[in-house]
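Residues: numbered from 1 along the sequence shown. Below, all heavy atoms of this structure are taken into account, side chains as well, without hydrogens, waters or symmetry copies.
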Amino acid sequence: MIQEYESNTVYECTGVVESVIYRNEENGYTVIELSGDDAITAVGIMPLLNVGEEVKLTGTFKNHPSYGMQFSVASCEQSIPKSLGGILKYLSSGAIKGIGPATAQKLVKEYKEKTIEVLENEPERVAKMRGITLEKAKEISRQIKMNTGVRELLVYFAGYDISPSSALAVYKALGNEAIERIKENPYILCNGGFNISFEKADKIAMSQEKPADSEYRIRAGLAYVLNHNMINGHTCLPKDTLVKVSANFLGIREELCLSILDEMILDSSIAKDEIGDKTFTFIPYVHRCEKFIAARINFICRYPADRIPDIDKRIKHIEDTENIQYADLQKKAINDALSKGMLVLTGGPGTGKTTTLNAIIRILKDCGKKVFLTAPTGRAAQRMSKVTGCEAKTIHRLLEVNFTKGEEMAFKHNEKNLLDCDALVVDEVSMVDVFLFESLMKALPLGCRLILVGDSNQLPSVGPGNVLEDIVSSNTIPIVALNEIFRQSMESLIVTNAHKIVNGEMPDLEKKDKDFFFLPCYNQYDISNIIVDLCKRRLPNSYGYSPFEDIQVLAPSKKGELGTVELNKKLQSALNPNTENAEELTVNGKNFRKGDKVMQIKNNYDINWYKENGETGTGIFNGDIGILESISKKSNIIKVIFDDKIAVYDSDSVSDLDFAYACTVHKSQGNEFEAVIIPMHKGAPQLYYRNLLYTAVTRAKKLLILVGDKNTVEYMVNNNRRSKRYSGLKEFLIRCRNEQNI
């Protein structure tokens with residue numbers, strides 16, 4: 001066993017596979033014991049690797065939280081054993097179905113060093129042996145050819161930086177003809193669900209000197225442009241836009257691109273629909289997704305749950321017992337939620353959404369209805385639980401994440417396994433993309449009330465679609481927009497200024513005696529120094545706020561002196577400085593230290609966590625903020641405390657973490673903080689607009705501080721240019737309503 005090693009240092013290990021401890025047949029992930037100069041446990045994508053094979057592995061040593069030291073494989077060169085002993089061990093291991101130890105001995109005795117070659121190429125000869133039929137011999141030949149085919153594909157892909165797991169997926173789909181078919185049309189790789197990019201397929205095509213205007217390339221390029229634009233939030237693109245962008249991207253004539261696009265529409269490779277006076281193009285499954293959502297919403301409204309009786313009396317009872325006086329719009333929202341199948345409840349801060357929602361939940365529960373509460377992020381779900389007094393789960397936990405073949409995410413609750421509830425309340429709907437919303441709608445039982453709560457003036461979802469805004473602007477379902485700021489909320493300058501911002505008015509920057517402060521400063525370096533001082537000294541001393549638990553710096557951008565990258569460096573240095581004995585781990589150029597404030601930057605369903613009460617589970621989600629509790633530098637394992645959970649990260653999953661002293665406004669969605677600090681200095685116009693400022697301001701519960709240039713505040717307030725998102729949901733909702741009324 002190699003005892004001395006350096007973290008992130010690449011090693012080569014050669015030897016013979018002694019045993020296969022575990023193998024995932026779908027993705028080729030394998031755990032083996034390797035004998036050689038050093039006996040090691042190796043883990044990684046090693047498809048079809050079997051006992052007795054000779055291998056050369058490249059990778060790094062890592063310490064797994066549960067299984068100890070392992071060799072993490074980056075690449076694997078394997079070869080069929082050539083010695084009699086190796087061949088016998090290989091065949092006896094069960095690597096080839098139909099050959100056990102006894103048959104292996106007979107075969108090796110008969111064919112000696114040529115055993116593998118005979119089994120692969122001469123099944124008729126093998127069938128002459130006693131106990132082996134021709135059918136069995138042909139199946140043995142097929143298996144060996146498959147092993148050979150995968151190896152050849154791995155070698156072929158090696159020069160194009162295509163992973164072994166992708167190679168295995170390609171082979172399973174295309175078989176022994178994979179290389180031949182790829183040579184004919186390399187672009188099948190980027191349209192077959194193999195997780196291979198257009199750029200890599202294009203690289204293969206260029207190496208084969210394929211013409212730039214080949215039909216295969218244009219088809220793949222059109223699909224690529226549509227898929228790429230989903231990253232920017234679009235579920236569709238105008239046909240003329242798709243043609244222009246694709247032709248420019250591919251370097252071909254627009255006329256040729258249009259001709260191929262029309263062919264793709266005819267054969268349903270791309271879907272089209274008429275929206276307004278334009279033709280729009282969709283990836284087919286996205287088109288089906290938005291149409292399903294529209295049809296399901298229409299069905300809920302057309303066949304609503306039974307009306308709750310005596311609604312007005314129940315509202316009056318709550319007012320009397322809780323000493324509450326609901327406004328007219330609040331009463332309307334409660335009535336609509338309890339008498340109709342669906343309600344959208346919107347409104348800015350201080351308008352009484354929570355008070356209204358609590359009344360709806362209380363009356364439903366008083367009537368014996370089972371109510372589920374959900375939100376898109378962990379923080380949003382926790383806040384929902386706190387303000388309603390009822391359990392709320394993230395949408396992923398509510399639907400119960402599962403994984404299908406190929407490790408694609410799916411949910412246990414779907415149209416075949418519906419949620420067991422009478423009403424579903426979804427908070428922060430502005431953050432929900434079309435795919436997650438479709439999954440939620442599929443799991444909704446017939447007769448279940450749906451209550452959507454959100455603020456359409458906040459930033460849209462990170463994923464594609466414009467769910468809340470499309471639903472609201474379609475005007476096809478009951479919507480109550482609370483717009484009256486209640487007297488107690490009028491005392492908050494955060495609330496009143498947020499409403500001014502969203503209405504295009506300058507916030508009050510002069511008052512110094514409330515919860516909203518503006519600190520003028522015109523030099524970005526001075527601004528960053530003021531922010532550091534606020535976090536380290538002024539706010540902790542004046543308010544008792546913790547820079548780790550209470551204060552959050554929000555920036556429009558990642559880049560620049562006032563972007564999150566540089567601010568995090570300064571804040572870490574000030575709040576958690578490096579010391580001689582500091583526990584530290586460097587990952588992708590980031591020096592994490594014990595005590596750092598960190599954020600999970602993407603969903604990871606495999607991270608193990610535990611609570612002090614003994615409860616355990618898996619999964620840490622995008623946007624979760626925690627404190628780095630400990631680092632084991634020797635084993636590259638760290639622990640992070642997220643509220644009441646302690647998550648255990650190995651060296652691979654640590655790459656999902658980033659510093660969280662400062663984060664972008666987009667990453668803050670669904671969260672609220674005691675105190676928020678926002679730098680105000682000119683930057684990229686696409687990031688300095690009204691809704692982003694409004695979203696940032698509404699993240700603050702008790703204290704909001706703007707530091708910088710008043711002109712930047714004014715520019716953002718006046719810049720109401722929302723990033724345009726193309727989507728079809730609004731049109732499909734209107735279409736469903738009109739068809740119903742015919």
Side-chain angles (χ1 to χ4, degrees), residues 233-236 273-278 280 282 287 289-305 307 327-348 351-353 356-357 360 423-434 437-438 440-441 444 448-461 464-484 499 502-504 690-691 694 720 722-742:
H234 306 292
T235 64
C236 56
D273 216 311
E274 305 300 323
I275 300 177
D277 57 353
K278 280 192 173 184
F280 279 76
F282 299 73
H287 187 240
C289 171
E290 290 199 302
K291 292 192 78 173
F292 172 83
I293 292 171
R296 190 71 176 87
I297 287 176
N298 181 64
F299 186 88
I300 292 172
C301 295
R302 191 172 181 182
Y303 302 102
R307 177 188 176 91
D328 289 342
L329 272 179
Q330 287 180 301
K331 290 180 180 179
K332 175 174 171 49
I334 299 167
N335 259 288
D336 285 355
L338 301 176
S339 61
K340 299 175 181 178
M342 184 172 176
L343 171 72
V344 175
L345 179 62
T346 71
T351 57
K353 288 200 305 287
T356 306
L357 185 59
I360 294 168
L424 178 66
V425 181
V426 189
D427 198 10
E428 297 283 1
V429 183
S430 62
M431 297 177 63
V432 182
D433 65 37
V434 289
F437 196 71
E438 179 195 31
L440 199 59
M441 298 298 282
L444 210 61
C448 179
R449 296 176 197 280
L450 180 60
I451 300 161
L452 305 180
V453 184
D455 186 346
S456 58
N457 289 310
Q458 290 189 18
L459 296 174
S461 59
N466 224 1
V467 174
L468 180 59
E469 187 170 326
D470 278 354
I471 290 174
V472 170
S473 60
S474 73
N475 198 30
T476 58
I477 64 172
I479 297 168
V480 175
L482 302 177
N483 51 28
E484 177 186 347
H499 283 271
V502 84
N503 290 324
R690 183 186 301 171
N691 288 82
Y694 172 75
N720 196 29
R722 297 193 187 194
S723 52
K724 172 68 176 175
R725 283 197 172 190
Y726 292 115
S727 61
L729 181 57
K730 176 182 175 180
E731 168 67 21
F732 301 149
L733 284 164
I734 294 171
R735 195 179 295 173
C736 283
R737 179 196 60 190
N738 292 342
E739 288 171 356
Q740 177 184 325
N741 292 335
I742 292 175

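Shown here for Ile477 and Cys301, the closest heavy-atom pair between the two residues is CG2-SG, 3.4 Å. Among all heavy-atom pairs drawn from Glu274 and Arg735, the shortest one is O-NH2, 3.2 Å. The two residues Lys724 and His234 come nearest to each other via the heavy atoms O-CE1, 2.8 Å. Between Arg307 and Ser339, the shortest heavy-atom distance links the atoms NH1-CB, 2.9 Å. Taking each heavy atom of Ile471 and Ile479 in turn, the nearest pair found is O-CD1, 3.9 Å. Closest non-hydrogen pair, Gly348 versus Asp455, comes out as CA-OD2, 3.7 Å.
The line from OH of Tyr726 to SG of Cys236 is 9.0 Å long, rounded to the nearest 0.5 Å. For the atom pair Cys448 SG and Met342 CE, the distance stands at 11.0 Å (nearest 0.5 Å). Between Leu440 atom CG and Leu450 atom CG the span is 7.0 Å, to the nearest 0.5 Å. Interatomic distance, Asn483 CG to Asn503 CG, rounded to the nearest 0.5 Å: 10.0 Å. Taking CG of Asp273 as the reference point, atom CD of Glu290 lies at 10.0 Å (rounded to 0.5 Å). In this structure, the separation between CD1 on Ile293 and CG on Asn298 is 13.5 Å, given to the nearest 0.5 Å.
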Practice problem: I would like to know whether Leu729 and Asn466 meet side chain to side chain contact (heavy atoms under 4.5 Å, CB included); could you show each step before the answer? | Solution: CA-CA 8 Å; Leu729 181 57; Asn466 224 1; over 6 Å; no
Quiz item: For Asp433 and Val467, what are the C-alpha separation, side-chain angles and deciding distance, and is it a side chain to side chain contact (heavy atoms under 4.5 Å, CB included)?
Solution: CA-CA 6 Å; Asp433 65 37; Val467 174; 5.8 Å; no
Practice problem: Could you go through the side-chain hydrogen bond (donor to acceptor under 3.5 Å, both in side chains) check for Ser456 and Glu469 one step at a time? | Solution: CA-CA 6 Å; Ser456 58; Glu469 187 170 326; over 6 Å; no
Exercise. Could you give me the CA-CA distance, side-chain angles and deciding distance for Ser461 and Arg725, then say whether side chain to side chain contact (heavy atoms under 4.5 Å, CB included) is met?
Key: CA-CA 11 Å; Ser461 59; Arg725 283 197 172 190; 3.4 Å; yes
Practice problem: Report the C-alpha separation of Leu444 and Ile300 in whole Å, then their side-chain angles, then the decisive distance to 0.1 Å, and conclude whether the side chain to side chain contact (heavy atoms under 4.5 Å, CB included) test is met. | Solution: CA-CA 10 Å; Leu444 210 61; Ile300 292 172; 3.6 Å; yes
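The local environment of NZ in Lys353 is crowded, with over 12 non-hydrogen atoms from other residues, nucleotides or ligands closer than 6.0 Å. For Lys332, the NZ atom is loosely surrounded, since the number of other residues' heavy atoms within 6.0 Å does not exceed 12.
Within the 4.5 Å cutoff, no side-chain heavy atoms of Ile275 are placed close to those of Lys730. Within the 4.5 Å cutoff, the side chain of Val453 has no heavy atoms near those of the Leu343 side chain.
Tested against Val429, the residues Leu345, Ile451, Leu468 include a single side-chain contact (heavy atoms from CB on, under 4.5 Å) partner, Leu468. Exactly one residue among Thr346, Asp336, Thr356 makes a side-chain contact (heavy atoms from CB on, under 4.5 Å) with Val480. That residue is Asp336.
Between the side chain of Glu731 and the main chain of Gly728, no donor-acceptor pair closer than 3.5 Å is present.
Legend: residues meeting salt bridge (Lys or Arg N to Asp or Glu O under 4.0 Å) with Lys291, ordered by chain and number and at least two apart, are absent.
Identified under the side chain to side chain donor-acceptor pair (under 3.5 Å) test for residues 470-479, with sequence neighbours left out: Asp470-Ser727, Ser474-Thr476.
Between Phe732 and His287, the angle of the ring planes goes over 60°, which puts this pair in the perpendicular group of the 30/60° scheme.
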